[in-house]
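These notes are about the structure you will find just below.
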Amino acid sequence: MLAFIPYLFACQGNQKEQAEPAVENKESSIDPQSLPPFNADSAYAFVAKQVSFGPRVPNSEGHAQCAAWMIALLKSFADTVIVQKADLKAFDGKVLHAKNIIASFNPQSETRIMLSAHWDTRPFADQDSKDQDKPIDGANDGASGVGILLEIARAYRIQKPSIGVDIILWDAEDYGQPADSKFPEMEDSYCLGSQYWAKNMHRPNYMAKWGILLDMCGALGASFSKEQQSVKFAGNLVDRTWQNAQTLGYSSIFLQEYGDPIIDDHYYINTLAHIPTIDIIHRTNSTRSGFGPYWHTHNDNMNSIDKNVLRAVGETVIYTVAQEK
Ligand code: AHN
Ligand code: ZN
């Protein structure tokens, strides 16, 4: 019985949130044909292009070249592009020269939605059995979410949203401390770019109504359960998004199940920036890590990418944003 007491207190603290959900429900009578056209072949090409630069590890040549390409591409699609630079200290003492890339549609609109993904890739393959010290391609862990967002930006260039949309590409997400690290333990060692942004927004007092984070959204065999931090901070948006996926015919990818909570960029966006944000992230019960079998290994390459998963996620996100107008 004692064990329940903290929970009761926690409940009282949450009563307001329960009475007034952070994100409202929406009726979903939208004709999918009327939406900005998400092209899965184009999204796939955007994933492949990122991978072609080599690993996008902060301070590397591939990182610099990929940033330049993404910035130029987003400038051709969005109304404004802001590059937020930051020097961020990693667990191993290295200073990462990071760039958060913020592309905005209708920058003057007060009603805003934030779509984001991390664009950097992991500097080592600590989950692999060989070449653990070599950086990974990050086709899924990094490039997939970015590829989907670049394609959404292309679609919005063709058919502009009626509200404000900010597409933010986080840097320095995946330089997190490995389990067997010799360095002193560092807290919050992942998600350095989003943590920096949440404490130093690109515009003072920036606010969005809600956000969607994409992480590992392109692998063959991927499915998405309702991640519990997302449920806690923006449960209505989770339900709405998963309902929209079902409406679009993607109920075999967006499962009506709950998945283990994860510390990802959305955690800091929720707790530091107070923007209700969900994470669409591939988790599974079939591996010990809870991530896909290629996670933080050299198998996270283009062979693991499935266009149909990119399409399911991209269309679902576009649909969910379109409900806001
Ligand atoms: C942790 O492992 C604590 N978070 C995972 C965040 C992540 C890494 N997403 C992609 N790679
Ligand atoms: Zn990762």
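Whatever order the structure lists them in is the order used to number ligands and atoms, beginning at 1. Remember, predicted model here, so these are calculated numbers, not experimental data.
- Here the two rings, on W197 and Y206, have centers that are under 6.0 Å apart.
- In this structure, K160 places its NZ atom where more than 12 heavy-atom neighbours from other residues, nucleotides or ligands lie under 6.0 Å away.
- At a heavy-atom distance under 4.0 Å, no atom of I281 approaches ligand 1.
- With 3.5 Å as the limit, one finds no donor-acceptor pair spanning the side chains of N308 and Y250.
- Look at R122 and you'll find every heavy atom at least 4.0 Å from all atoms of ligand 1.
- For ligand 1, the atoms sitting less than 4.0 Å from at least one non-hydrogen atom of M216 are 9 (N), 10 (C), numbered in the order shown with element in parentheses.
- Nearest heavy-atom pair, D300 versus N140, reported as atom, atom and distance to 0.1 Å: OD1-N, 2.6 Å.
- Ring-centre distance between W295 and H282: not below the 6.0 Å cut-off.
- Protein heavy atom nearest atom 9 (N) of ligand 1, with residue, atom name and distance: D215 OD2, 2.7 Å.
- Between F183 and F91, the ring-plane angle classifies as perpendicular under the 30° and 60° cut-offs.
- Of the protein's heavy atoms, D174 OD1, 3.2 Å lies nearest to atom 8 (C) of ligand 1.
- Between I263 and ligand 1, a contact under 3.5 Å exists for at least one N or O pair.
- With hydrogens and angles ignored, the 3.5 Å screen pairs no side-chain donor or acceptor of S104 with any backbone N or O of P107.
- Under 4.0 Å from ligand 1, the heavy atoms of H296 that appear belong solely to its side chain.
- In terms of protein heavy-atom proximity, atom 10 (C) of ligand 1 is nearest to D141 OD1, 3.0 Å.
- The minimum distance between the Zn ion (ligand 2) and any N, O or S atom of D174 involves atom OD2.
- Closest to the Zn ion (ligand 2) among the N, O or S atoms of H296 is NE2.
- Nearest N/O/S atom of D141 with respect to the Zn ion (ligand 2) is recorded as OD2.
- A side-chain hydrogen bond (donor to acceptor under 3.5 Å, both in side chains) with E227 is found for one member of R283, K232, H266 and no other, namely H266.
- Residue, atom and distance of the protein heavy atom nearest to atom 6 (C) of ligand 1 are E173 OE2, 3.2 Å.
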